[in-house]
Amino acid sequence: MKKLINDPADVVAESLQGIAAAHPELRVDHTNKIVYRADAPVQNKVALISGGGSGHEPLHGGFVGPGMLDAACAGEVFTSPTPDQMLAATQGVDGGLGVLHIVKNYTGDVMNFEMAAELAAAETGVEVVSVVTDDDVAVQDSLYTAGRRGVGVTVLVEKIAGAAADAGRDLAAVADVARKVNAQGRSMGMALTSCTVPAAGRPTFDLPDDEIEIGIGIHGEPGRRRVQAMPARDVARELVEPILADHDFTGSGGVLAFVNGMGGTPLLEQYLMYNEVAKLLDAAGVRVVRSLVGPYITSLEMAGCSVTLLAMDDELLQLWDAPVRTPGMRWGV
Amino acid sequence: MKKLINDPADVVAESLQGIAAAHPELRVDHTNKIVYRADAPVQNKVALISGGGSGHEPLHGGFVGPGMLDAACAGEVFTSPTPDQMLAATQGVDGGLGVLHIVKNYTGDVMNFEMAAELAAAETGVEVVSVVTDDDVAVQDSLYTAGRRGVGVTVLVEKIAGAAADAGRDLAAVADVARKVNAQGRSMGMALTSCTVPAAGRPTFDLPDDEIEIGIGIHGEPGRRRVQAMPARDVARELVEPILADHDFTGSGGVLAFVNGMGGTPLLEQYLMYNEVAKLLDAAGVRVVRSLVGPYITSLEMAGCSVTLLAMDDELLQLWDAPVRTPGMRWGV
Amino acid sequence: MGVGAADLRRWVGAFADTVVANEQLLTSLDSAIGDADHGGNMARGMKAVVAKLDADPPATPAALLKQVGMTLISTVGGASGPLYGTFFLRMAQSVGDADELDTAGVGAALRAGVAGVVARGKAEAGDKTMYDALAPAVDAYDAALGGGELAEALRAAADAAATGRDATTPLQARKGRASYLGERSVGHQDPGATSATFLIETAAATLPAP
Amino acid sequence: MGVGAADLRRWVGAFADTVVANEQLLTSLDSAIGDADHGGNMARGMKAVVAKLDADPPATPAALLKQVGMTLISTVGGASGPLYGTFFLRMAQSVGDADELDTAGVGAALRAGVAGVVARGKAEAGDKTMYDALAPAVDAYDAALGGGELAEALRAAADAAATGRDATTPLQARKGRASYLGERSVGHQDPGATSATFLIETAAATLPAP
Ligand SMILES: Nc1ncnc2c1ncn2[C@@H]1O[C@H](COP(=O)(O)OP(=O)(O)O)[C@@H](O)[C@H]1O
Ligand SMILES: Nc1ncnc2c1ncn2[C@@H]1O[C@H](COP(=O)(O)OP(=O)(O)O)[C@@H](O)[C@H]1O
Ligand SMILES: [Mg+2]
Ligand SMILES: [Mg+2]
Ligand SMILES: [Mg+2]
Ligand SMILES: [Mg+2]
């Protein structure tokens with residue numbers, strides 16, 4: 001394992017020190033590993049927090065700022081943060097109108113955020129509503145499983161719900177739009193290579209030089225299927241078809257098409273993939289009204305990509321286009 | 001070699017198709033492989049073009065837009081574009097006040113841009129001034145060599161000269177500020193892994209699991225020295241010390257500190273590196289007034305990073321902070 | 001002579017040592033069907049637990065078990081943090097203000113702990129989780145209790161946990177991260193069932209008066 | 001019987017074939033001390049040249065050489081595009097409107113081409129570039145010219161190019177991308193000197209009347 005780190009145990013703490021040093025517009029609580037916007041708590045605005053294991057950067061710390069998150073809790077690499085962190089963040093961002101917890105659907109994240117919400121209810125007066133993202137069509141959904149993973153749509157939920165909060169909506173309404181984005185969004189990912197968790201010291205899985213994993217998540221977990229390497233146009237089909245089979249995206253509002261790099265794939269290839277995805281959507285009668293291409297929710301240095309589609313309407317378009325000012329996503333300000 | 005591509009020969013063309021599909025605010029000339037801002041030529045503004053081999057994305061195509069480049073020419077992977085492309089771009093962006101060519105100092109880039117400028121002078125009425133960036137302290141500079149490579153500072157030149165053009169300065173003045181940025185900027189890079197040129201099909205160099213390359217450029221070329229892998233704090237020293245030895249950055253204007261990911265290194269590690277760099281600068285009495293962390297000038301999927309310092313003053317600060325609206329760098333609009 | 005705070009401290013210490021010694025094993029099991037962090041998670045948590053107990057040694061079983069649970073919840077994260085944390089918190093509730101636990105009391109506390117795991121994680125038998133080691137362990141404990149001996153009951157529990165752990169290998173996961181793998185989760189031993197077996201095995205090795 | 005457009009066409013075709021057949025070799029030489037694209041660059045350019053010449057066959061030596069030079073300039077990029085492009089453009093200028101070149105004419109054209117490479121690239125002997133193959137080649141050509149035979153002169157030129165190419169191996173590069181490597185460029189054969197040797201070798205094989 002070769003990485004730009006010192007001791008594997010210090011990776012998250014030292015990276016947060018770098019964020020603090022590079023971003024005067026953010027404030028970092030190093031004890032609790034929380035990235036706040038510097039002016040938190042913002043009064044009279046619903047506050048949004050998220051958090052999860054580290055290694056997905058810019059998600060979530062890079063999405064803290066006006067128009068998006070008020071704070072993000074950083075766990076160890078690929079390990080959900082703890083309830084203490086989430087509780088501290090909840091108290092630190094509440095501006096009187098309550099706090100939305102944006103939780104990716106992983107057992108650990110869900111349980112830790114649940115405990116944080118219980119503690120918030122028991123120990124503070126802060127109103128908390130949680131929204132769980134579960135957009136990964138690679139995973140079979142059933143009452144008897146852990147359900148689908150939260151992946152790419154989380155980025156879109158954070159942006160759009162952040163805009164709704166900025167627009168003055170109340171906590172229930174902000175949660176509603178977050179749930180709507182999750183309900184109308186679907187994702188599917190693939191990997192060319194594994195990533196290496198610093199503390200583990202070697203790749204999570206071994207992938208021969210002529211094979212790829214289809215249906216991966218964002219934690220270096222193996223995918224649903226291992227198949228022969230294939231051209232980008234076939235990879236695009238492997239990702240887009242299950243998404244289109246799972247949800248109708250031909251509505252008149254069109255879609256936001258999001259091609260996400262997993263961390264180790266060059267932007268050159270991400271745009272090439274976007275080209276393939278756009279062609280498939282066109283052929284399927286899906287109209288693209290907004291697009292996003294880049295490494296927004298990553299899995300350390302994993303090579304690969306994911307595709308997320310979100311069915312849009314006027315409300316979502318307006319919230320998507322609203323100003324946002326974070327290290328990882330910025331426009332309009 | 002596993003990549004998200006179809007035929008290696010089509011990588012650049014297909015990636016440009018993706019850029020065109022994803023960015024309505026850009027216009028792509030697919031024949032000449034040129035990315036233009038959609039409203040080019042902008043009248044009564046000095047125009048800026050750059051270009052170079054592909055594989056460094058977002059540089060240069062991702063830096064086309066208001067406040068930065070008017071157009072970018074894409075060569076094959078790691079291969080300078082041709083004079084035809086540069087001439088077409090020059091004519092396509094000229095708004096009557098002439099065109100600045102921003103050229104990274106590589107024999108190929110310099111010769112091709114030179115020929116383009118000769119053609120522009122011979123065949124068109126467009127006034128062209130070229131500025132060559134050569135900020136890489138890893139390379140010995142001498143009259144009898146090809147001189148230093150242009151690396152990280154190119155990003156800063158494009159941003160700052162773009163702002164100067166937006167502010168209404170004339171061609172000579174825009175070229176002056178571009179040269180000033182280059183003169184006051186220094187960079188140094190390192191690699192943990194090689195990249196793989198798609199047409200070559202295998203890594204440009206082999207690096208054992210316990211060795212790293214110090215003093216690399218952005219084309220997968222081997223570095224000046226191969227050394228044992230070392231902690232991030234020592235890597236930071238290897239990069240910062242030669243920069244500080246080469247130029248005085250202790251001036252009262254402070255510096256812009258730029259930690260750049262080479263393409264395959266997670267953002268988590270880039271911020272960790274930034275933390276190490278910031279500590280070294282602090283210890284050396286160098287004051288950081290602006291910072292930039294992220295993959296801005298990459299080398300395909302190479303893991304590694306580079307550090308660029310730019311000595312700032314009020315003029316450069318103001319131009320740096322001016323609005324910019326490109327896919328790869330955006331603020332203020 | 002029942003089980004007091006010092007005995008529980010010995011147990012927790014032994015569990016911490018075992019987890020730390022087996023960090024690589026747990027992580028590599030988690031690499032196969034998860035995200036390669038279970039060893040790190042448990043080692044980080046149990047080191048913190050030991051440090052906390054050393055810094056501020058609780059006097060009663062309940063205080064000690066609560067301290068362990070709280071520390072795990074606030075230092076582990078992931079799925080195992082809340083699950084193991086809840087396990088110890090529910091044990092703490094179960095023992096009340098007793099200074100010593102008799103064999104039945106230990107059994108009740110373990111059963112309460114396992115109920116906490118279920119309350120938190122909703123796992124059922126055969127889901128391929130730590131529950132598949134823990135549930136047979138408490139059943140075997142209770143079944144062996146007729147004999148009256150703590151050592152015997154814990155030995156039966158540890159054996160049952162190990163058997164339950166081994167039985168996770170052919171299962172297809174329905175809970176936790178391994179469930180994302182669908183059929184590909186078959187053929188791998190569950191990491192949480194493995195650490196849970198260490199938990200019961202170290203109890204068997206340390207709780208009976210030495 | 002001098003060298004006409006058809007002979008030059010044969011030369012360019014043979015050079016294209018050799019470059020395409022040796023694309024991997026040129027790229028792997030460029031991997032060691034450059035950026036792994038010299039094979040791709042030359043193959044792309046020479047394929048475009050052949051396609052162009054086939055689509056629109058020039059009638060005169062000058063037209064043909066100019067066509068080759070222009071196509072290389074507009075399709076290769078990198079360092080080799082302008083350098084090889086200029087080489088052929090300067091050859092075209094040198095031959096003027098002659099329909100056939102005699103042995104001296106060929107020599108003058110080659111020398112003009114090499115002068116173009118120097119004008120564009122400023123390389124000097126020993127810089128470890130294509131110039132280190134080309135310069136000895138034209139010198140050897142002129143020296144052999146006393147004999148009067150084109151075949152003989154070109155054979156001498158090709159041998160000198162190969163010797164010059166081989167002599168680049170121990171050199172430390174002072175021009176082009178390899179110069180960034182400093183001492184680490186020592187011990188590797190220059191890719192451009194290698195392709196330039198193909199250029200002269202294919203001339204020797206094709207230009208003398210068959
Ligand atoms: N719902 C659940 N109920 C009981 N145990 C579970 C549940 N989900 C996961 N686990 C256990 O947690 C273990 C994984 O823990 P760990 O790797 O530390 O957390 P994470 O899955 O968040 O990375 C699994 O091997 C499994 O035994
Ligand atoms: N200034 C120069 N003069 C002559 N030849 C040069 C010069 N610079 C580079 N070359 C030649 O170009 C070759 C590399 O060509 P190529 O790989 O196609 O371009 P690039 O270096 O831009 O990637 C080198 O091996 C060398 O022979
Ligand atoms: Mg985890
Ligand atoms: Mg090149
Ligand atoms: Mg895990
Ligand atoms: Mg090259």
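All chains are named by letter (A, B, ...) in the order of the sequence lines, taking the proteins before the strands, and each is independently numbered beginning at 1.
A heavy-atom distance below 4.5 Å is found between the side chains of Met111(A) and Leu83(C).
Using a 4.5 Å cut-off between heavy atoms, Thr75(C) touches chain A through its backbone atoms (N, CA, C, O) alone. Of the two parts of Val110(A), neither the backbone nor the side chain holds a non-hydrogen atom closer than 4.5 Å to a non-hydrogen atom of chain C. Contacts between Arg226(A) and chain C at a heavy-atom distance below 4.5 Å involve backbone atoms as well as side-chain atoms. Of the atoms belonging to Arg184(C), it is side-chain heavy atoms, and not backbone ones, that fall under 4.5 Å from chain A. Neither the backbone nor the side chain of Asp206(A) comes within contact range of chain C; no heavy atoms are under 4.5 Å apart. Heavy atoms closer than 4.5 Å to chain C are found nowhere in Gln140(A), neither backbone nor side chain. For chain C, the nearby parts of Tyr106(A) are the backbone and the side chain; heavy atoms of each come within less than 4.5 Å. Only the backbone of Pro81(A) has a heavy atom closer than 4.5 Å to any heavy atom of chain C.
Of the listed residues Gly52(A), Pro83(A), Pro8(A), Gly75(A), the one with more heavy-atom pairs under 4.5 angstrom with chain C than any other is Pro83(A). Interface check for chain A: of the options Ser185(C), Gly121(C), Ala79(C), Gly78(C), the most heavy-atom pairs under 4.5 Å are formed by Gly78(C). Ranked by heavy-atom pairs under 4.5 Å with chain C, the first of Asp109(A), Asn112(A), Thr107(A) is Asn112(A). Counting heavy-atom pairs closer than 4.5 Å to chain A, the top-ranked of the candidates Gly182(C), Gly40(C), Ser74(C), Gly81(C) is Ser74(C).
Across Thr82(A) and Ile73(C), no two heavy atoms sit closer than the pair CB-O, 3.3 Å. The two residues Thr86(C) and Met115(A) make their nearest non-hydrogen contact at OG1-CE, 4.0 Å.
Taken to the nearest 0.5 Å, the CD atom of Glu114(A) stands 5.5 Å off from the CZ atom of Arg120(C). Atom OG1 of Thr145(A) and atom OH of Tyr180(C) lie 8.5 Å apart (nearest 0.5 Å).
Within a 6.0 Å sphere centred on CG of Asp54(C), other residues, nucleotides and ligands contribute more than 12 heavy atoms. For NZ of Lys66(C), the number of neighbouring non-hydrogen atoms (other residues, nucleotides, ligands) closer than 6.0 Å is 12 at most. By the 6.0 Å contact criterion, CD on Gln228(A) is enclosed, its count of non-hydrogen atoms from other residues, nucleotides or ligands being greater than 12. Applying the 6.0 Å contact sphere to NZ of Lys2(A) captures more than 12 heavy atoms from other residues, nucleotides or ligands. When the shell of 6.0 Å around CE of Met70(C) is examined, it contains 12 or fewer heavy atoms from other residues, nucleotides or ligands.
Along residues 29-37 of chain C, the residues that come nearer than 4.5 angstrom to chain A, judged on non-hydrogen atoms, are Ser31(C), Ala32(C), Gly34(C), Asp35(C), Ala36(C), Asp37(C) in order of number. For residues 163-178 of chain C, a heavy-atom distance under 4.5 Å to chain A picks out Arg174(C), Lys175(C), Gly176(C), Arg177(C), given by residue number.
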